[in-house]
2 protein chains.
Amino acid sequence: MGKRKKSSTNLLNEKYIMESCDLTYAVCKVGGRWKLLILCKLENGKLRYSELRNAIDGITERMLTLQLRELEKDGLVKRTVYAEVPPRVDYELTPIAIELIPIWSKLSSWGAKHKKLVK
Amino acid sequence: MGKRKKSSTNLLNEKYIMESCDLTYAVCKVGGRWKLLILCKLENGKLRYSELRNAIDGITERMLTLQLRELEKDGLVKRTVYAEVPPRVDYELTPIAIELIPIWSKLSSWGAKHKKLVK
DNA sequence: CAGTATCCATTAAGATACTG
DNA sequence: CAGTATCTTAATGGATACTG
């Protein structure tokens, strides 16, 4: 009786994501409230954890850490830890993330335009 | 005692969205699991509700309806109801949504490429 | 400095059944 | 055909305290 599979379609289920269409895959990787914003702040070069935190209005340390870890796991940011005291860690875009620059750039322009229209 | 405001940062809080940066605004409008996918299916012209449902793998009627209503409210899709029996409704992109075509197109290509790299 | 850990509240998403 | 209604689960967000 073809019982519909109950498997979640959640964004973190790797198998599900790999089997999805390309757009869904991309949305799962860089979608969500914070990821594009984080990437976009790194557009002009490396930033430290605290610089990112201060640059992104409204993000909590918890969310920043969670999202950075996922971006790192997915190969979108590179995390470098320096053996110093006090500790220093910085983040930078990987080549595959750099390819996305036009996307968030266009999205941002679209946002600016649409926002004006709505006002 | 500067009590930190408790206001949510949820995606549906219009005031919050309007005050956000342009990228955040855009992400709030077309982000989420389904919106870009719905828009992308409408790229080649009008589709009926059932056509959309069949075109989008894994979406439930509930989510399709919810997301279509939001897209309509935000001026990204136009909903047309025909006075027929059985009922017929179709959806199409508005000009402002058409401007986003390059974005989901690029995102999709990026997804295809990255997916291969990961495999 | 750059995080973790914990607890709790809110929101988004999903499964399923039902209807004008 | 084109949806609603209801219930449940998953994801996100926030507050606060703590640590190498």
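Note that the structure is a prediction, hence the values are computed from the model and not measured. Protein chains get the first letters and strands the later ones, always in sequence-line order, with residue 1 at the start of each.
Contact annotation: A/Tyr49 does not reach the phosphate of C/dT4 (side-chain N/O to OP1 or OP2, under 4.0 Å). An OP1 or OP2 oxygen of D/dT12 is reached within less than 4.0 angstrom by no side-chain nitrogen or oxygen of A/Trp34. Within the structure, a side-chain polar atom (N or O) of B/Ser50 is placed less than 4.0 Å from OP1 or OP2 of D/dA2. Proximity of A/Arg33 to the phosphate of C/dT10: no side-chain N or O atom is located under 4.0 Å from OP1 or OP2. Taking side-chain N and O atoms only, A/Arg69 has a distance below 4.0 Å to OP1 or OP2 of C/dT4.
Across all non-hydrogen atoms, the minimal contact from B/Leu71 to B/Lys29 is CD2-O, 4.4 Å. Contact between A/Leu23 and B/Leu36 at its shortest, heavy atoms only, is CD2-O, 3.8 Å. Scanning both residues, B/Tyr91 and B/Leu42, for their nearest heavy atoms gives O-CD2, 3.4 Å.
Using bins of under 30°, 30° to 60° and over 60° for the plane-to-plane angle, the ring pair B/Tyr25/A/Trp110 lands in the tilted bin.
Nucleotide C/dA5: paired with D/dT16 (Watson-Crick or G-U wobble, both distances less than 3.5 Å).
Nearest-nucleotide assignment on DNA chain C puts the 5′-proximal partner with A/Pro86, out of A/Thr65 and A/Pro86. For the pair A/Thr60 and A/Pro87, both in contact range of DNA chain D, the more 5′-proximal nearest nucleotide belongs to A/Thr60.
Atoms CD (B/Glu70) and C1' (D/dG3) sit 17 Å apart, rounded to a whole Å. As a whole-Å value, the separation of A/Glu61 CD from C/dA2 P is 10 Å. Rounded to an integer number of Å, the gap from CD1 of A/Ile59 to C1' of C/dG3 is 14 Å. One atom, CZ of B/Arg53, and another, P of D/dG3, lie 10 Å apart when rounded to the nearest Å. To the nearest angstrom, C1' of D/dG3 lies 11 Å from CG of B/Leu66. The CG atom of A/Leu64 sits 10 Å away from the P atom of C/dT4 (whole-angstrom rounding). Between A/Lys35 atom NZ and D/dG13 atom P there is a gap of 11 Å when expressed in whole angstrom units. Following rounding to the nearest Å, A/Met63 (CE) and C/dA5 (C1') show an atom-to-atom distance of 15 Å.
Here CD of A/Glu43 is found 11.0 Å from CG of A/Leu100. Values are rounded to the nearest 0.5 Å.
Listed nucleotides: D/dG3, C/dA2, C/dG3. Nearest to the side chain of A/Arg79: C/dG3. Of the candidates D/dG3, D/dA2, C/dA2, the closest approach to any side-chain atom of B/Tyr91 belongs to D/dG3.
Here B/Gln67 lies in heavy-atom contact (under 4.0 Å) with sugar-phosphate atoms only. Across all strands, B/Tyr82 comes closer than 4.0 Å to no nucleic acid atom at all (heavy-atom distances).
For B/Arg62 and C/dA13, a side-chain-to-base donor-acceptor distance below 3.5 Å is present, hydrogens and geometry of angles not being considered.
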Do B/Lys46 and B/Glu51 pass the side-chain contact (heavy atoms from CB on, under 4.5 Å) test, and can you show the C-alpha distance, the side-chain angles, and the key distance before you say yes or no?
CA-CA 10 Å; B/Lys46 299 180 179 186; B/Glu51 291 173 321; over 6 Å; no

